[in-house]
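Only one structure is covered here, and it is reproduced in the block below.
Because the structure is a prediction, the values reported are computed rather than measured. Each chain gets a letter, A, B and so on, in the order the sequences are listed, and its residues count up from 1. Side chains included, hydrogens not; waters and symmetry mates left out as well; all remaining heavy atoms used.
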Amino acid sequence: MTATSAAPATSGAQQATSVTMAKALNMGLRAAMEADPKVLVMGEDVGKLGGVFRITDGLQKDFGEHRVLDTPLAESGIIGTGVGLALRGYRPVCEIQFDGFVFPGFDQIISQVAKVTYRSQGVWSMPMVIRIPFGGGIGAVEHHAESPESFFCHIAGLRVVSCSTAADAYWMIQEAIASPDPVVFFEPKRRYWEKGALDTATAPQTTFSAAVRREGTDCTVASYGPSMPVLAKAADAAAAEGRSLEIIDLRSLSPLDLEPVLASVRKTGHLVVVSEAPRESSITSEVAARVTEEAFYSLAAPVLRVAGFDTPYPPSRIEEEYLPDLDKVLDAVDRSLAY
Amino acid sequence: MTATSAAPATSGAQQATSVTMAKALNMGLRAAMEADPKVLVMGEDVGKLGGVFRITDGLQKDFGEHRVLDTPLAESGIIGTGVGLALRGYRPVCEIQFDGFVFPGFDQIISQVAKVTYRSQGVWSMPMVIRIPFGGGIGAVEHHAESPESFFCHIAGLRVVSCSTAADAYWMIQEAIASPDPVVFFEPKRRYWEKGALDTATAPQTTFSAAVRREGTDCTVASYGPSMPVLAKAADAAAAEGRSLEIIDLRSLSPLDLEPVLASVRKTGHLVVVSEAPRESSITSEVAARVTEEAFYSLAAPVLRVAGFDTPYPPSRIEEEYLPDLDKVLDAVDRSLAY
Amino acid sequence: MAPERWIKSPGADTLPDAGPGSAAVPSASQMVAGLRATSQGEGLVELLSPEGVLTPHPDYPLDVTPELLRDLYRDMVLVRRFDREANALQRQGQLGIWVPLLGQEAAQIGAGRAMRPQDMAFPSYREHGIAWCRGIDPTELLGIFRGTDHSGWDPKATRFHDYTIVIGNQVLNATGYAMGQRFDGKVGSGGPDAENTDEATIVFFGDGATSQGDVHEGMVYAAAFDAPVVFYCQNNQWAISEPVEKQSRVPLHKRALGYGFPGIRVDGNDVLACLAVTRWALDECRSGNGPVMIEAFTYRMDAHTTSDDPTRYRLADETEAWKMFDPIERVRVYLTRSGGADQAFFDGVQAEADELAARFRAFTVAMPTPGPERMFSHVYTAPHHQLDRQQAEYLEYLAGFEGDAESGAGGTVNGHAGATAGGAR
Amino acid sequence: MAPERWIKSPGADTLPDAGPGSAAVPSASQMVAGLRATSQGEGLVELLSPEGVLTPHPDYPLDVTPELLRDLYRDMVLVRRFDREANALQRQGQLGIWVPLLGQEAAQIGAGRAMRPQDMAFPSYREHGIAWCRGIDPTELLGIFRGTDHSGWDPKATRFHDYTIVIGNQVLNATGYAMGQRFDGKVGSGGPDAENTDEATIVFFGDGATSQGDVHEGMVYAAAFDAPVVFYCQNNQWAISEPVEKQSRVPLHKRALGYGFPGIRVDGNDVLACLAVTRWALDECRSGNGPVMIEAFTYRMDAHTTSDDPTRYRLADETEAWKMFDPIERVRVYLTRSGGADQAFFDGVQAEADELAARFRAFTVAMPTPGPERMFSHVYTAPHHQLDRQQAEYLEYLAGFEGDAESGAGGTVNGHAGATAGGAR
Ligand SMILES: Cc1ncc(C[n+]2csc(CCOP(=O)(O)OP(=O)(O)O)c2C)c(N)n1
Ligand SMILES: Cc1ncc(C[n+]2csc(CCOP(=O)(O)OP(=O)(O)O)c2C)c(N)n1
Ligand SMILES: [Mg+2]
Ligand SMILES: [Mg+2]
């Protein structure tokens with residue numbers, strides 16, 4: 001279940017051969033559509049516009065209007081008709097335009113997408129992907145900067161993943177589309193335009209697993225998606241101060257791939273979990289609880305969390321106050337090591 | 001924030017003066033409607049039928065059709081029009097017929113109910129109560145036995161509570177209705193017909209706080225709602241084996257009232273958290289994470305969880321397998337004490 | 001042109017005048033509100049009147065043979081028989097709950113028999129008659145109601161989807177499936193054997209369901225994508241305790257006008273009309289002119305479910321009135337009058353019904369309870385390490401009880417697991 | 001009677017034939033799909049033609065005085081002026097985003113001026129013209145778009161609710177508010193001064209929004225509870241990149257037929273028609289005959305927002321064509337021809353517009369950024385111990401930075417908090 005990826009979160013940003021995460025997702029979708037004629041892309045404005053983030057740019061032009069569907073403006077409709085298309089043998093890739101707009105489709109996700117297979121005792125599989133650009137830091141208005149991943153981690157029947165590099169974006173979206181189970185795919189919109197190295201030749205065995213991004217000995221710091229570059233910076237800053245951080249990209253939020261985290265904690269004795277999501281009853285709560293259950297005697301300090309506050313997402317002019325940043329991560333590391 | 005209630009979860013079940021939780025809720029609603037003409041009850045079948053559980057029995061007859069509204073069959077409509085009624089100065093008490101049917105209203109809850117006050121910088125308050133009969137153990141079909149409380153604990157702007165006794169039901173529903181903030185009120189449907197002592201004369205200071213139901217010294221066991229009677233039985237069984245359990249009813253799930261739990265853990269060094277909700281990214285994850293953060297050195301063992309499995313709610317013939325029960329709780333206590 | 005106006009009949013308004021007590025004793029007029037609100041409005045399609053008079057319909061031709069009538073009669077009698085048996089079984093504690101179709105036999109058999117083998121159906125939770133027409137044995141319905149599982153037939157092979165309990169969900173799922181039929185080139189193909197190869201979908205929902213956002217979105221998507229789907233609304237006048245007028249001011253089939261596709265109201269207690277209209281609608285969809293909405297105007301003769309108590313919200317008068325429109329009786333009368341069937345036939349169907357009921361009952365009481373592993377199976381199609389581990393740990397935990405006399409798997413026994421420290425004791 | 005059928009014009013179907021490349025070069029016909037799909041259909045209500053010809057309407061009487069025309073003209077010019085200024089400010093990095101109303105001035109000023117002081121409005125996010133009519137200073141709109149807050153005016157005092165971004169949500173909220181107006185006895189009271197005391201609600205949404213379940217449920221609830229709410233749909237032909245035909249086969253106002261209340265299509269670029277029809281609709285609601293739906297047929301002349309690039313999905317031809325229907329120009333022409341205004345008036349309005357723009361700009365650049373405590377304020381109305389603690393801990397953490405030269409509150413600086421063990425360094 002474990003893959004150790006050499007690719008650091010932001011390396012290759014200056015390489016000529018590198019691509020943006022947005023481009024990598026577009027390439028991954030294209031590859032999946034070429035490989036399987038049953039793969040459909042559907043959502044609001046995914047056609048001529050190519051989506052508001054251009055992730056589906058050019059796909060309707062090349063695959064036609066019956067494989068890239070501009071849907072009416074209704075998210076329950078996107079998910080609910082996607083369920084029917086999946087029952088018919090298609091592999092719908094549903095785009096939710098922004099994190100805050102998945103909720104009209106929440107009922108179909110929890111009542112049908114997640115339960116159809118269980119209800120039918122396996123007669124139906126549900127090969128659907130729900131793509132959600134998520135997280136803050138883009139100076140947007142309300143409902144455009146949320147981190148709803150914890151809701152989906154609490155829903156049995158779904159798989160939840162998030163990519164943090166261009167290479168992962170390319171491979172993970174393809175692995176998600178190939179999955180016979182529904183996958184909620186969280187894309188860190190703030191990182192869409194950051195570049196990373198991409199080698200399309202050699203496919204990794206799996207990308208739905210935690211990846212150790214940097215080895216270290218003093219404290220383990222784990223996160224996913226938009227915060228990974230923050231962790232990379234923190235590791236550099238800490239190194240400058242003579243502290244060695246082990247950086248882990250969870251990638252699979254549900255199910256959690258905890259082995260690499262546990263192995264790391266047995267080594268460092270300290271764990272800080274980072275996420276933009278509000279703290280209460282969240283993915284960070286789960287990581288803290290599980291790691292404590294399974295590595296109790298290894299922990300020299302409680303698992304500390306750097307997370308969003310338990311408030312609605314604030315106005316964008318003060319969103320930096322809300323978001324995990326270098327200082328907050330280093331402060332948490334300090335507090336952990338001070339135990 | 002702390003109240004120590006003498007009322008044990010199931011005592012008084014044989015008393016003549018006792019009432020069922022269903023009756024206590026009905027009495028509490030009636031008292032609130034008599035006290036404030038702005039209090040409305042709305043939902044599916046809450047009128048002549050009195051709700052499928054008869055919690056609103058007789059209210060339409062006595063308060064009229066414009067205070068007890070049979071709504072069209074649409075939950076987003078129940079919540080969304082409830083928001084508008086609250087803006088107009090009413091205090092809507094919205095009934096969701098069963099736990100599994102709150103999700104069509106999820107978007108209105110997260111996007112409007114929870115955010116209207118923040119968005120308007122306090123111009124609007126949102127005095128809405130959303131009543132949800134929840135939990136399993138009643139031999140029902142799919143979608144009628146779920147425990148969705150963790151979703152709501154993750155939503156900033158909401159308060160989440162659950163009652164476990166007739167007395168609490170009576171007082172908590174009134175405290176919820178009096179709250180200027182939205183309250184999601186979880187009613188353990190399996191316990192509706194269990195009786196408990198009710199003294200309507202003396203109002204407690206607050207019921208939105210954790211209550212120590214039984215003092216003990218060896219291990220703390222915390223839960224809420226439907227599992228409280230299980231904890232009471234466990235404490236008896238443990239006592240027979242010479243083990244002293246401290247039983248805590250969380251009552252307020254968001255915000256958590258942790259002081260009584262922390263005080264207890266400092267005494268016992270052991271904590272088991274019990275809930276029917278699936279385990280992943282849940283209320284039990286949060287309790288485990290928070291208690292470990294705040295009482296790390298007091299814990300002789302990791303916080304252990306007895307929770308629902310990470311599956312959809314199973315067919316009712318095997319729901320006993322799924323539900324926390326006496327054995328599972330005692331087993332967790334054993335495992336904790338064996339650390 | 002002047003806008004159509006909506007002016008409330010004076011006095012009809014109970015608000016805000018309605019004070020305490022207004023809802024004390026439901027009046028008959030309140031109680032038959034459901035009928036009042038919808039029995040107005042022109043153009044109810046009917047072929048066989050309650051009195052058993054057959055009148056062909058110009059728009060919905062149907063070749064009414066004695067064989068056809070006998071088959072439909074038999075279907076309705078058998079379906080009603082096992083429905084009543086299930087109700088009885090629930091009363092005797094053999095089922096956790098039952099959802100009766102009593103009164104809706106014609107609405108369901110007519111629609112079910114209009115389907116072609118290649119068509120797909122998405123039911124709600126009351127469509128036992130449609131299940132019957134799709135070749136599902138009635139005993140396969142029992143798992144849901146006895147609580148041994150969440151479904152019980154092969155929805156793919158039978159082209160009859162699992163029951164959907166969350167009101168309205170299936171309407172969007174059906175629309176998506178129908179979109180897929182179209183994308184597959186199975187609609188309006190103009191192929192040689194099109195009527196046997198081209199496909200359509202039909203989705204079933206109730207009068208109350210029409211208020212749900214999902215039903216609206218299903219109609220929006222179906223119109224936008226020209227999906228070959230028939231929206232079949234069984235207006236049985238009640239959504240548990242709420243009469244249909246709580247959901248709509250106007251007949252429900254008029255909703256279709258707002259989306260730009262046909263909406264037809266059919267006498268839901270007339271099996272011939274339901275058959276003819278549904279066949280027409282499915283063929284419209286099949287040939288590319290979908291979607292179509294049908295409102296089958298019928299009545300829920302029994303309680304909402306065995307858990308419900310209709311005496312709290314509707315008058316016996318109302319139910320009595322509807323008995324005169326019984327869907328089976330009018331066919332029996334016509335068959336007798338027209339000589340389409342003799343007493344031997346009716347006796348034969350009765351005997352067959354009794355056999356079915358006996359087999360149904362015997363099956364029910366013998367149904368096995370699944371083991372704990374069912375809880376973990378089919379949550380995912382691919383392996384899932386976290387769930388596999390939860391299952392392994394739980395089975396190991398259960399194993400700790402073995403040999404413990406008092407205990408059984410998952411029972412709430414007092415002696416507990418020996419698989420742990422507790423085992424020392 | 002024979003059912004209305006929906007038969008696709010042959011060849012219109014691009015599916016499933018549409019293969020790769022089919023969507024390569026959008027044809028003009030594809031591009032004006034939105035117009036095509038909706039400009040058909042009879043009964044567009046118009047009082048002042050694009051050419052500036054005034055024709056009274058029998059059903060929607062309006063006393064058209066020079067004063068009225070001058071006021072409406074002024075409103076539209078001023079609103080357009082600050083809308084353009086906001087667009088420019090965004091381009092210059094002073095606003096994070098702007099949502100232009102260009103082209104919809106008449107639809108909004110007409111509706112806004114039809115409202116009485118006691119009426120309540122629920123906007124979407126583009127209703128700057130309605131805000132203007134409710135007496136909200138344009139600068140109060142800026143907080144949302146500069147990102148200093150999520151709203152900026154007093155929604156209770158102005159009876160203009162906060163902007164709602166989640167498409168469709170506000171339609172249900174407005175319906176609930178209108179139900180409350182009725183429960184309060186403020187509808188059809190028959191009181192002496194009813195037109196000044198009885199109330200109505202108006203809710204604004206777009207053509208795309210009509211597909212959302214919430215909009216449907218709002219109409220269902222409004223009909224069921226006779227709520228005094230006007231559903232005002234600004235059909236500006238586009239939902240970002242999707243033409244209205246992706247949402248509906250038929251004109252949107254026809255949706256009202258399915259619910260049993262009036263649906264009216266008005267020329268949304270004719271401020272007089274919008275005023276007359278909206279006033280009629282609000283009064284219908286006020287007097288107890290609500291709800292009413294209005295489709296204002298207009299056009300989004302600019303991008304969806306400043307983040308959007310319309311050249312990717314619609315042709316300049318289309319926008320050019322609509323310039324001939326400009327809502328302001330026709331009023332100017334009529335005022336000039338009819339002698340209702342002289343050059344001095346027009347110059348005066350222009351000068352006033354420039355002043356407003358200057359004040360608007362000056363205000364924008366001077367807007368303060370809130371402190372970190374805003375993040376925690378007003379999440380709840382009552383005290384909340386958990387949040388109070390999070391705020392206290394965070395402010396203490398920030399205090400740890402004080403005196404740290406490089407740092408600022410919450411900045412991503414390299415030196416970090418001294419409030420903790422880290423402070424040792
Ligand atoms: C979303 C949702 N809300 C509430 C319920 C509870 N419920 C079950 S059946 C029913 C009434 C349905 O009425 P109708 O649509 O007319 O169908 P009928 O039962 O009459 O066939 C309700 C409210 C549900 N199953 N799903
Ligand atoms: C529930 C939801 N889904 C998606 C969006 C993203 N979005 C913002 S505006 C818009 C198009 C709205 O079109 P329309 O209703 O016609 O209003 P207009 O913008 O044209 O005024 C979309 C899809 C949203 N805000 N809310
Ligand atoms: Mg019904
Ligand atoms: Mg629009």
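Counting heavy-atom pairs under 4.5 Å between each of C/V220, C/V379, C/N169, C/T175 and chain A puts C/N169 at the top. Heavy-atom pairs under 4.5 Å with chain C were tallied for A/M42, A/R88, A/Q112; the largest tally goes to A/R88. When the candidates A/S120, A/A86, A/A114 are compared by the number of heavy-atom contacts under 4.5 Å with chain C, A/S120 comes out ahead. Ranking C/Q170, C/M120, C/H216, C/M375 against chain A, the residue ahead of the rest is C/M375, based on heavy-atom pairs under 4.5 Å. When each of A/G157, A/G89, A/G122 is scored by its heavy-atom pairs under 4.5 Å with chain C, the top score falls to A/G157. Contact count versus chain C (heavy atoms, under 4.5 Å) is highest, among A/L158, A/I79, A/V116, for A/L158.
Heavy atoms closer than 4.5 Å to chain C are found in the side chain of A/L40, but not in its backbone. If you measure heavy-atom distances from C/E199 to chain A, the contacts under 4.5 Å come from the side chain alone. For C/P383, the part lying near chain A is the backbone, with the side chain staying farther off; criterion is any non-hydrogen pair under 4.5 Å. In this structure, no portion of C/A174 lies under 4.5 Å from any heavy atom of chain A. Looking at C/F122, the atoms closer than 4.5 Å to chain A (heavy atoms on both sides) all sit in the side chain, from C-beta outward. For A/I78, the parts sitting under 4.5 Å from any heavy atom of chain C are the backbone and the side chain alike. Using a 4.5 Å cut-off between heavy atoms, C/T164 touches chain A through its side chain atoms alone.
By the ring-ring contact (aromatic ring centres under 6.0 Å, His included) test, C/Y380 pairs with C/H384, sequence neighbours left out.
In this structure, C/Y221 contributes its side chain and A/T71 its backbone to no donor-acceptor pair below 3.5 Å. Listed for the C/N173 side chain is no donor-acceptor partner under 3.5 Å among the backbone atoms of A/G84. In this structure, C/H378 contributes its side chain and A/Q121 its backbone to a donor-acceptor pair below 3.5 Å.
By the 4.5 Å heavy-atom criterion applied to side chains, A/R290 and C/Q386 are counted as neighbours. Counting heavy atoms from C-beta outward, C/H385 and A/P255 have side chains that approach closer than 4.5 Å. Between C/D162 and A/W124 there is a side-chain heavy-atom pair separated by less than 4.5 Å.
Ring geometry for A/Y118 against C/H150 counts as tilted: the plane angle lies between 30° and 60°, on a 0 to 90° scale.
Across every non-hydrogen atom of C/A382 and A/D181, the tightest pair is N-OD2, 3.1 Å. Considering every non-hydrogen atom in both A/S76 and C/L172, the closest pair reads O-CD1, 3.4 Å. Between C/P155 and A/V123, the shortest heavy-atom contact is CD-CG1, 3.8 Å.
A salt bridge does not link C/R389 to A/E259: none of the charged nitrogens lies less than 4.0 Å from a carboxylate oxygen.
Atom CE of C/M179 and atom OG1 of A/T81 lie 4.5 Å apart (nearest 0.5 Å). To the nearest 0.5 angstrom, C/F225 atom CZ is 5.0 Å from A/L69 atom CG.
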